[in-house]
Amino acid sequence: MGVSVINRAKLTPAQARALFRDGLATPTAGWSSGFTQANLIIVPKEQAFDVLLFAERNPKPCPILGVLEAGQTSGPLLVGGDIRTDVGRYTIYQNGVLVDEPTDLTDWWRDDLVTFIVGCSFTFESALQQAGIPIAHIEQGRNVPMYRTNRRCAPAGSMAGPLVVSMRPIAAERVADAARITARYPAVHGAPVHIGDPAELGIRDLARPDFGDPVAVADGFVPVFWACGVTPQAAVMESAPPLAIGHAPGHMLITDARDSDYLVP
């Protein structure tokens, strides 16, 4: 069920979601060019307000693009889709512990589950590529590397945890361009939160990401870090609600929204 680099970029969101519904599980960087990808955090209605407040207090890592009400499985961002099946792989947490990584949520779904659709930095990668800035994890066929940091998010109710960041090596002479381009996408994490020395974020080894895959950093390239939508899952691990569901890092929901919808002129 492989999909070539060229073909996956040309797939419509509905076509991509159909492949995942049929069981394909793969990172989605570079898929459905021009369409917005998103993170997921799904919790019982009892915990939903805390998640909403956590996102409101931490908009950089948790920019909400949409919310599906309790039990709702589709909406304007995935018309005709099904949130239970249309992501390649999910994560299931019970009391903060990762207990399963299924390719669909059929066995876990409940009518009280509320879905938060959160912006993803994959959205601005096309703009970076169009500006001639290569994306290492796409070129190297890897999942984007993601790291827990020593920066704390603002707590909200039962939710507390560290900021998670994604990293892309950028040629030193293009760092300012990358920052300027991504700043125009505030709904999908916007400008970098850190440039340069990973130790300042408490990251000891770029070759050992907490999520995703390591990528090679070529000579003359600088590690650049953006806030990451896996942050709510890190908060779930720390705060240990009875049940929470996310996307497997890098395996995003491909929505019907266009990247240009979130571009600030």
Side-chain angles (χ1 to χ4, degrees), residues 27 29 37 39 41 51 54-63 91 93 96 98 118-125 128 133-140 142-156 159-239 246-252:
Q37 300 195 29
N39 304 273
I41 186 71
V51 172
F54 185 81
E56 191 278 333
R57 290 178 177 173
N58 301 280
K60 191 80 168 175
C62 308
T91 53
Y93 298 93
L98 180 65
V118 177
C120 171
S121 57
F122 285 179
T123 299
F124 57 57
E125 290 182 342
L128 291 173
I133 298 174
I135 307 299
H137 58 269
I138 295 178
E139 295 196 343
Q140 296 173 28
R142 313 301 298 274
N143 196 354
V144 62
M146 293 158 273
Y147 307 84
R148 289 186 181 89
T149 73
N150 56 12
R151 296 188 185 180
R152 299 292 297 176
C153 290
M159 292 282 287
L163 172 68
V164 176
V165 294
S166 60
M167 188 279 292
R168 293 161 184 81
I170 305 293
E173 67 274 13
R174 300 303 308 273
V175 168
D177 294 331
R180 174 181 52 81
I181 291 166
T182 58
R184 297 179 66 193
Y185 293 87
V188 289
H189 305 308
V193 296
H194 183 69
I195 297 168
D197 187 1
E200 293 185 13
L201 292 175
I203 300 169
R204 296 182 179 180
D205 187 354
L206 287 179
R208 300 181 64 183
D210 295 293
F211 311 95
D213 302 318
V215 296
V217 180
D219 289 344
F221 280 66
V222 177
V224 181
F225 301 88
W226 282 266
C228 178
V230 175
T231 297
Q233 293 193 49
V236 161
M237 294 177 197
E238 181 172 317
S239 305
H247 63 289
H251 297 65
M252 318 307 296

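Small disclaimer: the values here were computed from a predicted structure and weren't measured.
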Test item: Ile133 and Ile181 side chains (from C-beta on) under 4.5 Å apart, heavy atoms:
yes
Does some side-chain heavy atom of Asn143 sit less than 4.5 Å from a side-chain heavy atom of Phe211?
no
In plain terms, say whether Arg148 and Glu238 are close enough for a salt bridge, that is, a side-chain N and a carboxylate O under 4.0 Å apart.
no
Can you give me the closest heavy-atom contact between Cys120 and Met252, atom names plus distance?
SG-CE, 3.5 Å
If you compare all heavy atoms of Cys153 against all heavy atoms of Thr231, which two are closest, and at what distance to 0.1 Å?
SG-CG2, 3.5 Å
Ignoring hydrogens and angles, tell me if any N or O in the side chain of Glu125 forms a donor-acceptor pair with the backbone of Ile135 under 3.5 Å.
no
Between Pro232 and Phe54, what is the shortest heavy-atom contact and its length?
CA-CE2, 4.5 Å
State whether the side chain of Ser239 and the backbone N or O of Ala160 hold a donor-acceptor pair below 3.5 Å, judged by distance alone.
yes
After noting the C-alpha distance and the side-chain angles of Asp210 and Val164, does the key distance pass the side-chain contact (heavy atoms from CB on, under 4.5 Å) rule?
CA-CA 9 Å; Asp210 295 293; Val164 176; over 6 Å; no
Do Pro214 and Arg142 have side chains that approach each other closer than 4.5 Å (heavy atoms only, starting at C-beta)?
yes
Non-hydrogen side-chain atoms of Ile170 and Val222 separated by less than 4.5 Å
no
Is there a side-chain contact between Arg151 and Val193 (heavy atoms, below 4.5 Å)?
yes
Evaluate His194 against Thr149 for side-chain contact (heavy atoms from CB on, under 4.5 Å), listing each step before the verdict.
CA-CA 11 Å; His194 183 69; Thr149 73; over 6 Å; no
Quick one: does any side-chain atom of Tyr93 pair with a main-chain N or O of Met237 as donor and acceptor, under 3.5 Å?
no
Evaluate the criterion side-chain contact (heavy atoms from CB on, under 4.5 Å) for residue pair Phe225 and Ile203; output intermediate values, then yes/no.
CA-CA 11 Å; Phe225 301 88; Ile203 300 169; 3.7 Å; yes
With rounding to the nearest 0.5 Å, note down the distance linking CG in Leu128 to CZ in Arg174.
9.0 Å
Locate the shortest heavy-atom distance separating Ala136 from Ala216; write the atom from each residue and the value.
CB-O, 4.5 Å
Return yes if a side-chain donor-acceptor contact under 3.5 Å exists between His247 and Gln37, otherwise no.
no
Verify, without hydrogens or angle tests, whether Lys60 (side chain) and Gly190 (backbone) share a donor-acceptor contact under 3.5 angstrom.
no
Any side-chain heavy-atom pair from Arg152 and Leu163 closer than 4.5 angstrom?
no
Side chain proximity check, Ile41 to Val51, heavy atoms < 4.5 angstrom:
yes
Would you say that Cys62 contacts Asn39 through its side chain, given a criterion of any heavy-atom pair below 4.5 Å between the two side chains?
no
What one should report as the nearest heavy-atom pair of Pro145 and Pro209 is CB-CB, 4.0 Å
What are the two closest heavy atoms between Phe122 and Val144, and how far apart are they?
CE2-CG1, 3.7 Å
Looking only at atom types and distance, does a side-chain atom of Ser166 sit under 3.5 Å from a main-chain N or O of Met146, one as donor and one as acceptor?
no
Are Val215 and Met167 close enough, and set up right, to give a side-chain contact (heavy atoms from CB on, under 4.5 Å), and what steps lead you there?
CA-CA 9 Å; Val215 296; Met167 188 279 292; 3.9 Å; yes
Answer yes or no: is there a donor N or O on one side and an acceptor on the other, between the side chain of His189 and the main chain of Gly119, under 3.5 Å?
yes
Whether the side chain of Asn58 engages the backbone of Ala154 through a donor-acceptor N/O pair (distance < 3.5 Å, no angle test) should be reported.
yes
